[in-house]
Amino acid sequence: ETGVTQSPTHLIKTRGQQVTLRCSSQSGHNTVSWYQQALGQGPQFIFQYYREEENGRGNFPPRFSGLQFPNYSSELNVNALELDDSALYLCASSPGLAGGPETQYFGPGTRLLVL
Amino acid sequence: RKEVEQDPGPFNVPEGATVAFNCTYSNSASQSFFWYRQDCRKEPKLLMSVYSSGNEDGRFTAQLNRASQYISLLIRDSKLSDSATYLCVVQNSGYSTLTFGKGTMLLVSP
């Protein structure tokens, strides 16, 4: 088991609502990346936070936003939810920007269903 | 064209069979390559890294062909516990973000 935790584990929302997902990174890790995994797809990179600053963003609209806190935990916020936002949301923490997967640990994910 | 492409399968094989998965990537500047395993409703986990010289870990062998921009994974003597989705992953130079393929589902039956 990694030290990365995510909450909540499951969530049901309706279209138009807003949601906040949380990720606690592994101790000693200052970088958090968020991914969206729709059913039958691989994880897609949303954005990455490094030392409280956004460090890169995938092809997601501005209604996907995030934060990283001084303790390096992170939040993903999604506004104006759409049905296609239904997915498993994964966060991964790593000890820096240039590390490989050997040092990048995924959390168990939050499963979001939008009705 | 997607950056990382895989045959989604499923691949149905009996126990003891040998099965191979291929994956192609479009960015010739990609530096690092990996295979992940994902069990149903779980997070992906690193299975192995892929090197140009090829690498082996027990029953698993990974190969990289930079000229053709493809990556392969060979599983020998399949076990029931190998049933999972196998994700091909590419990492570009200097960044920790990962680009995943859609995954290939493997079902090993008794």
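Note that these values count all heavy atoms, side chains included, but never hydrogens, waters or copies made by symmetry.
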Atom of [X], atom of [Y] and distance for their closest heavy-atom approach:
X: B/Leu87; Y: A/Gly42; result: CD2-CA, 4.2 Å
X: B/Tyr36; Y: A/Pro101; result: OH-CB, 2.9 Å
X: B/Lys42; Y: A/Leu88; result: O-CD2, 4.2 Å
X: B/Arg41; Y: A/His10; result: NH2-NE2, 4.3 Å

Euclidean distance, [Y] [atom2] relative to [X] [atom1], rounded to 0.5 Å:
X: A/Ile46; Y: B/Thr97; atom1: CD1; atom2: OG1; value: 12.5 Å
X: B/Phe34; Y: A/Gln104; atom1: CZ; atom2: CD; value: 9.0 Å
X: B/Glu43; Y: A/Gln6; atom1: CD; atom2: CD; value: 8.5 Å

>> Heavy-atom pairs under 4.5 Å with chain A - which of B/Pro44, B/Pro8, B/Gly101 has more of them than the others?
In response: B/Pro44

> Picking from A/Pro43, A/Ala92, A/Pro108, A/Gly40, which has the most non-hydrogen pairs under 4.5 angstrom with chain B?
Replying inline: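 Ranked by heavy-atom pairs under 4.5 Å with chain B, first place is A/Pro43.
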
>> If you count heavy-atom pairs within less than 4.5 Å of chain B, which of A/Gly109, A/Gly58, A/Gly107 leads?
In response: A/Gly107

> Side chain, backbone, both or neither: which part of B/Thr85 has an atom under 4.5 Å from a heavy atom of chain A?
Replying inline: neither

> Ring centroid separation for A/Tyr35 and B/Phe100, is it under 6.0 angstrom?
Replying inline: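 Between B/Phe100 and A/Tyr35, which both carry aromatic rings, the centre distance is below 6.0 Å.
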
> Would you say the side chains of B/Gln38 and A/Gln37 form a donor-acceptor pair under 3.5 Å?
Replying inline: yes

